[in-house]
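For reference, the structure discussed in these notes is given below.
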Amino acid sequence: MMLDSTTCTATAPSVSAKHAVRLDGIGKSFGDVTALRDVWLKINHGEFLTLLGPSGCGKTTLLNMLAGFLTPDTGEVFIGNDCVTEMPPHQRDIGLVFQNYALFPHMSVAENVAFGLKMRKIPREEIRRRVAEALENVRLGAFGDRKPRALSGGQQQRVALARALVIRPRLLLLDESLSALDKNLRSDMQVELKEIQRRVGITTIFVTHDQGEALSLSDRIAVMAHGEIQQLSTPAEMYRSPANSFVASFIGDINQIGGMVERIEGEEALLVLGANNLRLAVPLSRCQGVKAGDGIRLFVRPEHLRLTQEGGQLRGILRARSYQGTHVEAFLDVDGADLVRVRLNRPGLAEALSQGAELGLDIDAAECLVFPQEDKQP
Amino acid sequence: MKAKHKKLLARTGATVLITLILLFVSVPSVVVIMSAFNSTAILSFPPQDLSLRWFERAVTYRDFQRGFINGLIVTAWTSGIALVIGTALAYAIDRFQFRGKDLLETILLSPLVIPHFTIGLGVLMLASQVSMRGSFATVILAQVILVLPFVLRSVYVSLRNLDRRYELAAASLGASPLQVLLRVDLPLLLPGMFGGWLFAAILSFNEFSAALFVTSHATQTLPVAMYTYVREYTDPTMAAISTIFIVTTSITLVLANRFLGLRKVLAIEESK
Amino acid sequence: MTKRQIQFLFVIPAVFVAFLLVASLFSILQFSVREHVPGSLVVGGFTLDNFGRVLRPVYASVLRTTMELALSTALLTLVLSYPLAYALARVPSKAIQSLILIISITPLFTGDIVRTYAWLIVLGNNGFVNSTLMALGIIERPLQLMYTQLGVTLALVQYSIPVMVMVLTTAIAHIDRNYEKAAASLGAGPVRVFLKVTLPLSTPGIIAGVITIFAWTLSAFATPQLIGGGKVMMLSNMVYLVGFSSFDFPFAAVLSLIGLVVSIALLVAMNWSSRRVEKMGLH
């Protein structure tokens, strides 16, 4: 405790903070359940960072700590230069948008937006001006007198955003904020949210379980599982080079084939895959912590497999086809793997194939990923 | 650290406040229990010598014995009738459309707000017009009217929380409407029905105001006998029998909470 | 059996009870317009004189006392129940919740007589409060708590707390915690979160609770009967006195009708306010 409080006041207030948010070794348990385990994270000024993970991964606990609704058992939370670990939520200057928006039902839209300003004892004239401006900003200038109930989901979402931003917070927290909207509206809101965030230039932390949302909105993504950050990187990096099997299977669609490493030769690992002992050379840069003789799992995305009628590195039986508009997905039964998903960009080809046909698959070895057999699973 | 102190202070303040209110609620019961063990006939605090003589007198006093038996008879009939009628009506209200549904519901829920003495006087007057004054039937009618809303509410809440898809699933598997009712609905409603029945039984056994109006000396229930006693005597026999009431009730509530979840029985919280 | 027959079977017993209830209330109406024949249980012919007697000062004062007690009980009960309900809805520990719940609702189940008797020995001249205060040397002579409005109110409040707690807990438990979190994140401290968000959002429960307890108190009989001891008289006690001491059932019927009318008015008020609340978009 002594040590912690020393750390907590160590930052010199005169130096402008290097990071907008800093988490130093955060840990939290609820009874026997460990919710967070030694989480370290630095978030840059103006950055849009997403905490992504399945339910129970600890992302909501982390958000609650940033907002001040929970106190960590160990570690410190910094916002700018201030150590806020013990600071109650109402002193933190944080904008928060909830999944269900939590717009106060007993207040009008304008009163909702004005709430945070009133709490700050800002003069009435200025409140009126800033509320009008904030509502204008989210294109709801004419809706100030309505009750939140009378608004559509998308409009409520924008009011919630205006309410959070009008207090000019140091940090914007979005808690599954888009999940309550239906699909079409959600993608519109994604664009609008990103646009507003960039315009205001506010550091934003977005919590979601939806990997699609995370990929399209974020500057960086932190994938979480079992109370730990599994990987912290840009969306493109995350998709192409996941750090472990968990991230690989959580982000995007991916196929897994079991096998082992026969030997390492120069810059390549020679693998033996599946029931038919297919041999495949994968660049060592795409392999993580494997050595000769190890059991491994090969991960390959559907778009990195090529379907052929004759030959092919793997042979499989076509079990199902699924039309996706822009492309077709084919599912092949390959010995030694689960159903393998293949992406076909020429729908014509797939239609020509009949179910039960035997087909070949070529693997783009440079895009494969290899992890040890016992690596983390979702 | 300052925030922590403030939090601690607020928490302590809240705990003290809650404790004081709970003391206000429970002190009378504690005082009754204390004085029940007092050996002297005159109430005094703190009690002088401990004794069980008042308990002995309470359980051997003839009017109490008779009141107890009468109370059991009335309670058994009342809670049974209220359970059957209340469950059937709750089901009908939830599932059927029929003329006068709202009116029927309003009439039967009205005893929640109509003063008991009004209902007691009304039933008494009705009974005297058909020469049934003071009969068990009259007493039971008054009690059924009073406790029916509680059964209705308890079963109705269970019904609303019942997932209709279970019924559809059973029907799709070949169960007839009657089988659905008996094999799907009834088992799922049982906790709510039991809660409502228990509620009705306790309220009926303890009900006093209406009972005072409608019972005769032959049919008087225990609370009425106790009222008569308290007007005539001042010794702690009343404290002894009250202690038995309080302890029995508390144990029942603790058990109900343990096995049924009081919050659900009292419909404080909708189960999801 | 056809569906109609099944419905009939489910509904008819309830209709029978409802019929008897209405018949009972109708009997009161019938008695209220009959002449009282002193010294006899048999009533005389049609008259409206009974209604005129209500205006006599003695009955008017009973009515005023009844209303005062009902109002002060409802408000005091609200003040004491809110903290309990808030704790019940918000304390995370199940054990503490159960403890609070069981202690606060026990009075509802021990019955009028047991509870009132308990207050007799708490408030009496040799009772718990006076003995304790005298033993501590705070007072020299016993305080007069019996036969006062204060004494009756205290006992009625204790009786009413369980119902108020149930109503309020339901209302508070239904408030989405995110409203409070949102207010806190916008800069409201715990006190302002409570005053600006939690309290207004629990208004439906507060209105329902106050009206319910008001009606509940109108119905009280044993408590004012024993603790009021004839000095503090509520409507119920007057009905009993008129009915069972002077056997003037017609006039007892008139007084009961007043209770009935007030109750129905309260019911209407409750429905009206809950519709208003719905309009405000609270629930």
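Protein chains get the first letters and strands the later ones, always in sequence-line order, with residue 1 at the start of each. These values consider heavy atoms only, across backbone and side chains, with no hydrogens, waters or symmetry-generated copies.
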Heavy atoms from other residues, nucleotides or ligands near CZ of B:Phe96 exceed 12 (cutoff 6.0 Å): yes
More than 12 heavy atoms of other residues, nucleotides or ligands under 6.0 Å from CZ of C:Phe26: is that the case?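 Incorrect, the count does not exceed 12.
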Relative to chain C, which segment of [X] carries a heavy atom at a distance below 4.5 Å: side chain, backbone, both, or neither?
{"X": "B:Ile246", "answer": "both"}
{"X": "B:Leu141", "answer": "side chain"}
{"X": "B:Gln97", "answer": "backbone"}
{"X": "B:Pro177", "answer": "neither"}
{"X": "B:Ile114", "answer": "both"}
{"X": "B:Arg95", "answer": "neither"}
{"X": "B:Ser242", "answer": "both"}
{"X": "B:Leu181", "answer": "side chain"}
{"X": "B:Leu203", "answer": "side chain"}
{"X": "B:Leu148", "answer": "side chain"}
{"X": "B:Ser128", "answer": "side chain"}

So does [Y] get a backbone contact from the side chain of [X], meaning a donor-acceptor N/O pair under 3.5 Å?
{"X": "B:Trp54", "Y": "B:Asn38", "answer": "yes"}
{"X": "B:Ser154", "Y": "B:Val151", "answer": "no"}
{"X": "B:Thr87", "Y": "B:Val84", "answer": "no"}

Can you name the one residue among C:Ile258, C:Thr66, C:Val62 that meets side-chain contact (heavy atoms from CB on, under 4.5 Å) with C:Met238?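 Testing each of C:Ile258, C:Thr66, C:Val62 against C:Met238, the sole residue satisfying side-chain contact (heavy atoms from CB on, under 4.5 Å) is C:Val62.
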Can you tell me which portion of [X] sits under 4.5 Å from chain B's heavy atoms? Options are side chain, backbone, both or neither.
{"X": "C:Ile96", "value": "neither"}
{"X": "C:Ile161", "value": "side chain"}
{"X": "C:Ala89", "value": "backbone"}
{"X": "C:Phe16", "value": "neither"}
{"X": "C:Pro83", "value": "both"}
{"X": "C:Ile100", "value": "both"}

Working note: C:Tyr159 + C:Thr223, criterion side chain to side chain donor-acceptor pair (under 3.5 Å); need CA distance, chi angles, decisive distance, verdict. CA-CA 9 Å; C:Tyr159 180 27; C:Thr223 306; over 6 Å; no
Does [X] reach the side chain of [Y], with side-chain heavy atoms less than 4.5 Å apart?
{"X": "C:Phe249", "Y": "B:Leu124", "answer": "yes"}
{"X": "B:Leu108", "Y": "C:Val17", "answer": "yes"}
{"X": "C:Gln30", "Y": "B:Gln129", "answer": "yes"}
{"X": "C:Met146", "Y": "C:Leu120", "answer": "yes"}

Most chain C-contacting option - heavy-atom pairs closer than 4.5 Å, from [options]:
{"options": "B:Leu126, B:Ile145, B:Val230", "result": "B:Leu126"}
{"options": "B:Phe205, B:Phe245, B:Phe24", "result": "B:Phe24"}
{"options": "B:Phe98, B:Phe213, B:Tyr91", "result": "B:Phe213"}
{"options": "B:Ser209, B:Ala14, B:Gly86, B:Ala92", "result": "B:Ser209"}

Between C:Ser256 and B:Thr118, what is the shortest heavy-atom contact and its length? O-OG1, 3.6 Å
As a quick check of understanding, evaluate ring pair (Phe, Tyr, Trp, His ring centres under 6.0 Å) for B:Phe117 and C:Phe221, giving each step before the final call. CA-CA 7 Å; B:Phe117 66 86; C:Phe221 173 72; 7.5 Å; no
Chain B interface, residue from [options] that has the most non-hydrogen pairs under 4.5 Å:
{"options": "C:Ser24, C:Gly111, C:Ala253", "value": "C:Ser24"}
{"options": "C:Leu25, C:Leu154, C:Thr116", "value": "C:Leu154"}
{"options": "C:Leu226, C:Thr212, C:Val15", "value": "C:Leu226"}
{"options": "C:Val22, C:Ile28, C:Leu29", "value": "C:Ile28"}
{"options": "C:Ala215, C:Pro162, C:Ser236", "value": "C:Ser236"}

Could you check whether C:Phe194 and C:Tyr82 have their ring centres less than 6.0 Å apart? yes
Report the relative orientation of the aromatic rings in B:Phe150 and B:Phe199; use parallel for angles under 30°, tilted for 30 to 60°, perpendicular for over 60°.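 It falls in the tilted class, 30° to 60°.
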